[in-house]
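These notes concern the structure reproduced below.
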Number of protein chains: 2
Amino acid sequence: MIELSKAEFDVLDALWINYPATASQIIERLSDDKQWHEKTIKTLLGRLVKKGALTFEKDGRQYIYTPCMERADYTLKESQNFIERFFSGRIAPLVSGFAKSEQLSQQDINELKKVIDDWEKNQK
Amino acid sequence: MIELSKAEFDVLDALWINYPATASQIIERLSDDKQWHEKTIKTLLGRLVKKGALTFEKDGRQYIYTPCMERADYTLKESQNFIERFFSGRIAPLVSGFAKSEQLSQQDINELKKVIDDWEKNQK
DNA sequence: AACTTAAGACTACACCTGTAATCTATTATT
DNA sequence: AATAATAGATTACAGGTGTAGTCTTAAGTT
């Protein structure tokens, strides 16, 4: 799996919002949340290309970037990894930890029920 | 929050198995899973102390280490962090991602149901 | 055509991390 | 007492990461 640093992920995440996109569009999107210098973001884009997380096409002297993977696929792999590391691969203990520390809202519960429901429908 | 690297966490995790414990006990526990040199583990213990994740008492010329936090607290914080970063703080999308990719077993579902059940009992 | 701007390439640099090796001093051993 | 073993402290060192600054060159402007 391609390993991304936090900052690299944030840049890729800004691209996932809508792509293909140019560096300046990505910089614009990130400007709300981060106080990153334009050069910083360009460096990160370069590293993402080098890692194979992005590709680009030239358009004049600009590059138009496209992610090489989908967000859901990437986050799924990260999630598996995370749950493996901290909870021996089982997901319930994570949810249970949230529950115990009052971190679950009624909405979370409803959403979880729906996930379970869908899973069960899918089984039979 | 104290930030631990992967290797540091693994060492702390070996201590959480049973503590207080000496360096050699920790090294022994880790020897099954990791091919780490003894020196490597000592270095990591030192870094954990420096980061405030461990304390120790002297016993002759050995140190007896104790974690400064509980595993559940640490993993909860990591989980919050993770879910914030990748799923905007909502837990269901993580579970849903697992479901969609056939990563949930009947046992997982049962456990999740129990978590929900307990949560609901706790509400009224 | 000359000059300015701006895109990407390349360079920088301190701190973190993984992974030890060497140094120092104390406790065992002979 | 002299020597060996060993615990922790200190040092090492390459690669990753956050965070830009400088260089080069092509495109836009006057």
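Here the structure is a predicted model, which is why all the values come from computation and not from measurement. We name chains A, B, ... by the order of the sequence lines, and we start the count at 1 in each one.
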(message) With a strict under 4.0 Å distance from non-hydrogen atoms of chain B, what nucleotide opens and what nucleotide closes the contacted stretch of DNA chain C, reading 5' to 3'?
(response)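 Contact boundaries, 5' end first: dT17(C) to dT27(C).
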
(message) Regarding D10(B) and K6(B), does a basic nitrogen lie under 4.0 Å from an acidic carboxylate oxygen?
(response)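 No, this pair does not count.
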
(message) Can a donor-acceptor pair be found, under 3.5 Å and without considering hydrogens, that links the side chain of S101(B) to the backbone of G97(B)?
(response)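 Checking the backbone N and O of G97(B) against the side chain of S101(B), a donor-acceptor pair under 3.5 Å is found.
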
(request) Report yes or no: does T43(B) contribute a side-chain atom to a donor-acceptor pair with the main-chain N or O of K39(B) at less than 3.5 Å? (result)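 Yes, the answer is positive, given that a donor and an acceptor are paired below the 3.5 Å cut-off.
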
(request) Carefully, step by step, assess R85(A) and N81(A) under the rule side chain to side chain contact (heavy atoms under 4.5 Å, CB included). (result) CA-CA 6 Å; R85(A) 280 179 57 64; N81(A) 224 291; 4.2 Å; yes

Using heavy atoms and a sub-4.0 Å distance, could you list which residues of [range] are near DNA chain D? By number, please.
range	value
residues 9-18 of chain B	none
residues 56-68 of chain A	R61(A)
residues 19-28 of chain A	none

Compile the donor-acceptor pairs under 3.5 Å between side chains in residues 14-28 of chain B and protein atoms, sequence neighbours left out, one pair per line.
unit_1	atom_1	unit_2	atom_2	d
W16(B)	NE1	M69(B)	O	2.9
T22(B)	OG1	S24(B)	OG	3.4
T22(B)	OG1	Q25(B)	N	3.2
T22(B)	OG1	Q25(B)	OE1	3.4
Q25(B)	OE1	T22(B)	N	2.8

(request) Treat a base pair as Watson-Crick or G-U wobble with both distances under 3.5 Å, then lay out DNA chain C in dot-bracket form, 5' to 3', with | for cross-strand pairs. (result) ||||||||||||||||||||||||||||||

(message) Going by salt bridge (Lys or Arg N to Asp or Glu O under 4.0 Å), name the pairs with one or both residues in residues 60-72 of chain B, residues two or more places apart or in two chains.
(response)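 Output for this query lists D13(B)-R71(B).
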
(request) Provide the full list of salt bridge (Lys or Arg N to Asp or Glu O under 4.0 Å) pairs with a residue in residues 103-112 of chain A, sequence neighbours left out, each pair given once. (result)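 Every salt bridge (Lys or Arg N to Asp or Glu O under 4.0 Å) pair that includes a residue of residues 103-112 of chain A, provided the two are not neighbours, is E111(A)-R90(B).
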
Is the shortest heavy-atom distance from the side chain of [X] to the side chain of [Y] under 4.5 Å?
X	Y	answer
T40(A)	L44(A)	yes
I2(B)	K77(B)	no
W119(A)	E102(B)	no
L12(B)	Y74(B)	no

If you restrict it to nitrogen or oxygen atoms, what contacts under 3.5 Å exist between nucleotides 14-20 of chain D and the protein, and what is each distance?
unit_1	atom_1	unit_2	atom_2	d
dT17(D)	OP2	K51(A)	NZ	2.8
dG18(D)	OP1	A7(A)	N	3.1
dG18(D)	OP2	S5(A)	OG	2.6
dG18(D)	N7	R47(A)	NH1	2.9
dG18(D)	O6	R47(A)	NH2	3.2
dT19(D)	OP2	W36(A)	NE1	3.1
dT19(D)	O4	R47(A)	NH2	2.9
dA20(D)	O5'	T40(A)	OG1	2.7
dA20(D)	N7	T43(A)	OG1	3.1
dA20(D)	N6	T43(A)	OG1	2.6

(request) Applying side-chain contact (heavy atoms from CB on, under 4.5 Å), name anything that partners K100(B), two or more places apart in sequence or on another chain. (result)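 S96(B).
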
(message) The criterion is side-chain contact (heavy atoms from CB on, under 4.5 Å); which residues satisfy it with K113(B), sequence neighbours excluded?
(response)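 Only I116(A), E120(A), I109(B) meet the side-chain contact (heavy atoms from CB on, under 4.5 Å) criterion with K113(B).
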
Give the table of side-chain donor-acceptor pairs shorter than 3.5 Å for residues 52-60 of chain B, with sequence neighbours excluded, one pair per line with atom names and distance.
none

(request) Please say which of L76(B), V95(B), I83(B), T75(B) ends up in a side-chain contact (heavy atoms from CB on, under 4.5 Å) with L94(A). (result)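 It is I83(B), the one option of L76(B), V95(B), I83(B), T75(B) that forms the side-chain contact (heavy atoms from CB on, under 4.5 Å) with L94(A).
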
(message) Take a 6.0 Å sphere around NZ of K51(B) and say whether it holds more than 12 heavy atoms from other residues, nucleotides or ligands.
(response)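 More than 12 within 6.0 Å, yes.
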
(message) Against F82(A), only a single residue in F86(B), F98(B), F82(B) fulfils ring pair (Phe, Tyr, Trp, His ring centres under 6.0 Å); can you say which?
(response)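 Checked F86(B), F98(B), F82(B) against F82(A); only one passes ring pair (Phe, Tyr, Trp, His ring centres under 6.0 Å): F82(B).
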
